[in-house]
Structure formats: C-alpha cells, structure tokens
Amino acid sequence: MAMTATLAEAGAREQAKRMYDRIAGVPATDAELDAMLAIMDANDDNITDSDADAKAAAELALDSSGFYNVTLKNMVTPWTNEEQTMFADLNDFTATVIGLVRDGDDYRKVLYDDVIYVGASGSLAAYSNGSNQHYVDLEASGADMGDTNVLERRSQSSVTGLQSSATAGVLTTRAAAKAFFVAGTNRAMFRFTLMNFMCRDLEQVQDTTRTPDRIRQDVSRSPGGDSRIFLNRCIGCHAGMDPLAQAFAYYEWSGEEGTEDGQLIYTANQVQAKYHINADNFRYGYSTPNDQWDNYWREGPNSALGWDSGLPGSGSGAKSMGMELAHSDAFAECQVKKVFQTVCLHEPTTSADHSQVSSMVTNFEASNYNMQTVFTDAAVYCRGD
Ligand code: HEC
C-alpha cells in the first residue's frame with residue numbers, strides 16, 4: 001500500500017510541476033509544489049473529483065509573476081505588430097490584456113471598454129500618447145504585473161484624453177494604432193482584429209454572395225479589365241469587410257510607417273482622408289460619409305461565427321463594432337484555442353481535444369468570460385502530457 005501511495009504521489013508531483021510550468025512559464029519552487037500537492041491530495045484519502053482538485057492546485061500558478069510577465073506577455077505581443085513577432089517591447093495593448101486577465105474581468109471588454117492598464121507612478125516615464133517609453137520602463141523594472149500596485153487599471157479616456165465614446169479597448173491603444181492605423185486604408189485594423197481575436201484571416205470568411213453596395217471606390221470593379229475577377233474574388237472579402245471597417249473612419253495614426261514616433265488621431269464626425277484615396281478606381285463605388293458600420297456577415301455562411309442575437313448588427317464607431325466581434329461565439333472559441341495552444345503546447349487535434357475545447361468555451365462563458373478559468377482548465381487537461 002505504501003508503494004502505491006508513493007507512486008501516486010510521484011505522478012501527482014509530475015503533473016503539478018507541469019501545470020505550474022505551463023501557466024507560469026517558470027518552474028515552481030518546492031514550497032509551491034508542496035502546496036499544490038496538498039490540494040491535489042496525492043494520497044487520495046479524501047475521495048473527491050481529481051480534476052477539480054487539480055484545477056484548485058493550478059490556480060496557485062496564477063499567482064506567479066511568470067504568468068503575467070512571461071506567459072501572457074509572450075502570448076499577446078505577436079497580436080500587437082504586423083510582423084506577429086513576440087520579440088517586441090511591452091506596450092499599452094499587451095499591458096491591457098494582461099490586466100484584464102489578472103483582474104478576472106469580462107474578457108470581451110478587450111475590444112470595447114474604456115480601459116487601459118498603466119504602471120504605477122514612480123520611477124517610470126509617464127504614459128505618453130506619443131511614446132511607448134512608459135511600458136519599456138515598466139518591463140525593464142521586472143516588477144510583477146500580477147501585483148495591483150504595479151499594474152493599475154485606469155479609464156483609457158482619462159489617460160489618453162480620447163473621448164470615452166471613441167475608446168474601444170485595445171483597438172484604440174497607441175500600440176494598435178501604430179501597427180494597424182498607419183498608412184493604408186484602416187482595413188488592416190479590421191484584418192488583424194479578425195486574426196487575433198476571431199482566429200480567422202479573411203481567406204476563411206470570404207463570401208461572394210453579399211451585396212457589394214458598401215465597397216469603397218478604391219476597389220476596381222474590373223481589375224485587369226475583367227469584371228468577373230471582381231465578382232468572384234474581390235467581393236468575397238470587401239463586401240463584408242468594408243462596411244465593418246467603416247467603424248474606424250475617424251481614426252488615423254500620425255506617424256510614418258516604420259518609425260516609432262506618432263500618436264492616435266481621432267476626428268469626431270470627420271472621415272479620414274485615407275477612406276477616399278484612389279476614388280477614381282471606381283467613381284460609382286461607396287464614398288464613406290461617416291463611421292456607420294453594418295455587419296453583412298450576420299447572414300450567409302458567416303452566420304456560423306455565432307453573432308449575438310441580442311445586438312443589432314450595426315452601429316457607429318469602433319466601440320460597438322468591437323462589441324459585435326467580442327460577443328460572437330467565434331471570439332470565445334478563439335480565446336480558448338489560443339490558451340489551449342499556449343498551455344498544452346500544441347493545437348487541439350484529436351476528438352478528445354476538440355470536446356475539451358467545447359467544454360472550456362462553456363466554462364469560459366459560465367465564468368462571465370474570466371480568462372483565468374481557461375488557463376486552469378487547459379492546464380488540468382494537459383497535465384498528463
Ligand atoms: C482575401 C480577402 C481579400 C480579397 C479577396 C481582396 N482583398 Fe482587397 N484588401 C483586403 C485587405 C485585408 C486589405 C487591407 C490590406 C492592409 O492594409 O493590410 C485590402 C485592401 C485593398 C485595397 C486598398 C489598398 C491597400 O493596400 O490598403 C484595394 C484597392 C483592394 N484591396 C482591392 C482589391 C481588389 C481589386 C480585389 C480583387 C482583385 C481585392 N482587393 C480582393 C482583402 C482582400
């Protein structure tokens with residue numbers, strides 16, 4: 001009997017180690033492992049559900065600074081630049097995701113709330129609309145962003161001066177603006193939001209059966225002199241994307257591509273010039289008059305993204321469009337898949353993995369979209385491999 005207990009304990013110890021490593025990104029100390037084992041009840045003298053015990057043990061790893069400073073930072077950084085590299089400085093986008101996860105807030109707010117996380121004032125450069133130095137300093141300090149005295153929640157409008165109705169979570173952070181409002185036509189902000197928060201690039205949502213009435217003037221209706229290309233290809237993305245990206249009509253980035261300088265610009269009720277460039281490509285195309293967006297993809301094949309029937313599917317500006325995306329089933333599934341990949345170190349592949357993903361989505365919703373639930377659920381599921 002003693003022998004079995006020892007083996008069970010060894011197995012549990014391995015599992016606890018693995019759960020901690022995967023969540024915190026750094027190894028557990030002996031004291032932390034002992035605390036986890038005490039919860040996991042390795043000797044099994046209390047007959048309880050072992051997954052529930054493992055989950056309670058995994059929650060201890062959420063207190064590690066590694067979870068915030070390493071795991072989350074590395075997971076989120078690629079979402080904040082076009083190159084999708086994780087080798088970039090902490091910024092206001094990354095810090096805001098980290099803060100929302102730490103505070104167990106409704107994670108959907110990431111795309112629409114008037115929220116930003118900043119470092120506590122002290123030796124750091126002050127937050128600036130024109131520079132990322134505040135976050136460079138915060139990262140260099142090595143301070144634990146899991147500590148509410150280190151990373152503090154603020155209303156974004158109070159920090160950046162952007163009017164509250166124009167804030168849309170991370171979409172209106174300096175880092176997102178620098179990466180996705182720079183140059184171009186603001187469609188990049190839509191594309192990268194779709195990739196990073198809905199786990200889909202435009203190739204996967206193409207639908208040539210939508211009405212093309214909101215496609216902007218810059219999209220030729222007969223590329224290379226052939227209107228069939230427009231009908232069979234261009235419409236697939238632009239019919240749905242252009243009326244959604246209209247939500248960003250009042251936003252611009254002041255700086256030049258490839259430079260660090262610049263800040264978010266917002267011109268209430270005034271459409272940015274970039275929405276009217278190359279209007280001669282097709283003069284009868286749609287000329288953007290305001291920031292009214294409509295989701296044409298609520299109908300047709302993209303209804304499968306699971307839009308919230310409690311929302312109208314149209315509105316004005318980035319905030320309501322961010323909510324449209326964040327309240328979809330695809331958003332919840334995407335967060336779960338990203339965490340699964342981060343914690344289990346592989347994509348969900350087997351049928352067991354896929355049913356695990358569904359149950360994690362259910363738990364995510366039931367926890368009012370608390371991302372911590374997703375991390376601990378994933379750690380429990382993968383603790384044996
Ligand atoms: C798979 C989706 C997709 C298809 C199909 C597509 N586009 Fe686009 N298009 C985009 C995206 C995304 C952008 C924004 C690019 C960026 O800024 O990152 C864009 C931007 C543009 C722009 C603005 C210039 C720019 O680079 O920002 C024009 C003009 C354009 N597309 C024309 C066309 C034409 C003409 C066709 C058909 C031949 C077409 N597109 C087909 C997704 C698509």
Side-chain angles (χ1 to χ4, degrees), residues 78-85 88 93 111 168 170-173 175-259 262 264-265 271-288 291 293-297 300-302 304-305 318 321-322 324-325 330 334:
W79 311 345
T80 71
N81 57 77
E82 273 203 310
E83 301 72 32
Q84 302 183 287
T85 174
F93 183 146
L111 295 186
V170 298
L171 303 183
T172 49
T173 56
K178 175 173 178 284
F180 309 125
F181 283 147
V182 66
T185 56
N186 283 2
R187 291 170 174 116
M189 181 64 85
F190 180 76
R191 176 180 176 223
F192 281 89
T193 305
L194 199 70
M195 290 199 305
N196 294 324
F197 292 97
M198 308 280 279
C199 293
R200 280 162 179 83
D201 201 346
L202 283 153
E203 297 291 342
Q204 292 146 282
V205 294
Q206 288 185 80
D207 174 10
T208 51
T209 63
R210 295 304 93 202
T211 314
D213 64 336
R214 296 275 286 277
I215 299 184
R216 292 186 218 166
Q217 295 169 313
D218 59 349
V219 178
S220 166
R221 280 4 181 223
S222 53
D226 187 348
S227 62
R228 287 170 305 176
I229 296 178
F230 174 73
L231 295 169
N232 298 327
R233 175 122 183 97
C234 318
I235 283 187
C237 293
H238 284 275
M241 169 175 67
D242 284 12
L244 284 165
Q246 194 172 333
F248 303 124
Y250 303 156
Y251 298 89
E252 172 63 296
W253 173 253
S254 72
E256 297 289 321
E257 190 134 37
T259 66
L264 176 74
I265 296 173
V271 176
Q272 290 292 336
K274 58 175 28 175
Y275 276 73
H276 296 128
I277 54 175
N278 296 320
D280 287 339
N281 286 0
F282 185 67
R283 283 193 300 127
Y284 307 104
Y286 186 72
S287 175
T288 307
D291 68 349
W293 61 268
D294 285 272
N295 185 0
Y296 284 14
W297 286 335
N302 290 318
L305 299 185
M321 206 279 284
E324 173 79 349
L325 300 179
C334 179

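Read the numbers this way: they start at 1 and go in the same order the structure lists the ligands and their atoms. Just so you know, residue 1 is the first one in the sequence shown, and it goes up from there.
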Novice: Provide the closest heavy-atom pair for A247 versus W293 in the form atom of the first, atom of the second, distance.
Specialist: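 Minimum heavy-atom separation between A247 and W293: CB-CD1, 3.7 Å.
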Novice: Just to be sure I understand the site: which N, O or S atoms from the protein are less than 2.8 Å away from atom 8 (Fe) of ligand 1?
Specialist: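 Sorted hits: H238 NE2.
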Novice: Answer with side chain, backbone, both or neither: which part of R233 has a heavy atom less than 4.0 angstrom from an atom of ligand 1?
Specialist: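 Both of them.
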Novice: Numbering the atoms of ligand 1 from 1, which are under 4.0 Å from a heavy atom of E203?
Specialist: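 With E203 as reference, the close atoms of ligand 1 come out as 1 (C).
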Novice: Relative to each other, are the rings of F248 and F181 parallel, tilted or perpendicular (30° and 60° limits)?
Specialist: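 Perpendicular.
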Novice: Whether E203 and R191 form a salt bridge (side-chain N of Lys/Arg under 4.0 Å from carboxylate O of Asp/Glu) is what I want to check.
Specialist: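 Answer for the salt bridge query: no.
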Novice: What distance do T185 atom OG1 and D242 atom CG have between them, rounded to the nearest 0.5 Å?
Specialist: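 Those atoms lie 7.5 Å apart.
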Novice: Determine whether more than 12 heavy atoms belonging to other residues, nucleotides or ligands lie under 6.0 Å from atom CD of E82.
Specialist: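 Atom CD in E82 is packed in, count exceeds 12.
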Novice: List the closest protein heavy-atom neighbour of atom 12 (C) of ligand 1: residue, atom name, distance to the nearest 0.1 Å.
Specialist: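 Residue, atom and distance for the closest contact: L202 CD1, 3.2 Å.
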Novice: Give me the nearest non-hydrogen protein atom to atom 24 (C) of ligand 1 as residue plus atom name, then the distance to 0.1 Å.
Specialist: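 Checking every protein heavy atom, the shortest distance to atom 24 (C) of ligand 1 gives T185 CG2, 4.4 Å.
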Novice: Under 4.0 Å and counting heavy atoms only, is there anything from the protein next to atom 9 (N) of ligand 1?
Specialist: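 Neighbour list for atom 9 (N) of ligand 1 includes protein heavy atoms (cut-off 4.0 Å).
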Novice: Among protein heavy atoms, which lies nearest atom 29 (C) of ligand 1, and at what distance?
Specialist: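 Checked against all protein heavy atoms, atom 29 (C) of ligand 1 sits closest to D218 O, 3.2 Å.
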Novice: In the complex you have, is atom 15 (C) of ligand 1 within reach of the protein, judged by whether a heavy-atom distance drops under 4.0 Å?
Specialist: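 So atom 15 (C) of ligand 1 lacks protein heavy-atom neighbours under 4.0 Å.
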Novice: Please test F230 against I235 for side-chain contact (heavy atoms from CB on, under 4.5 Å), starting from the C-alpha separation and ending with a verdict.
Specialist: CA-CA 6 Å; F230 174 73; I235 283 187; 3.5 Å; yes
Novice: Please write down residue, atom name and distance for the protein heavy atom closest to atom 17 (O) of ligand 1.
Specialist: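 Atom 17 (O) of ligand 1 sits closest to the protein heavy atom A188 CB, 3.6 Å.
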Novice: How far does CH2 of W253 sit from CE of M189, to the nearest 0.5 angstrom?
Specialist: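 If we round to the nearest 0.5 Å, W253:CH2 and M189:CE are 10.5 Å apart.
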Novice: Can you list the residues that meet the disulfide bond (SG atoms under 2.5 Å apart) rule with C334, with sequence neighbours excluded?
Specialist: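 Counting only residues at least two positions away or on another chain, C334 forms a disulfide bond (SG atoms under 2.5 Å apart) with C199.
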Novice: Can you classify the ring geometry of F180 versus F192 as parallel (below 30°), tilted (30 to 60°) or perpendicular (above 60°)?
Specialist: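 Geometry flag for F192 against F180: parallel rings.
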Novice: Closer than 4.0 Å to some heavy atom of R191 - which atoms of ligand 1 meet that?
Specialist: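 Answer for ligand 1: 12 (C).
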Novice: What distance separates L305 CG from E324 CD, expressed to the nearest 0.5 Å?
Specialist: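 That separation rounds to 10.0 Å.
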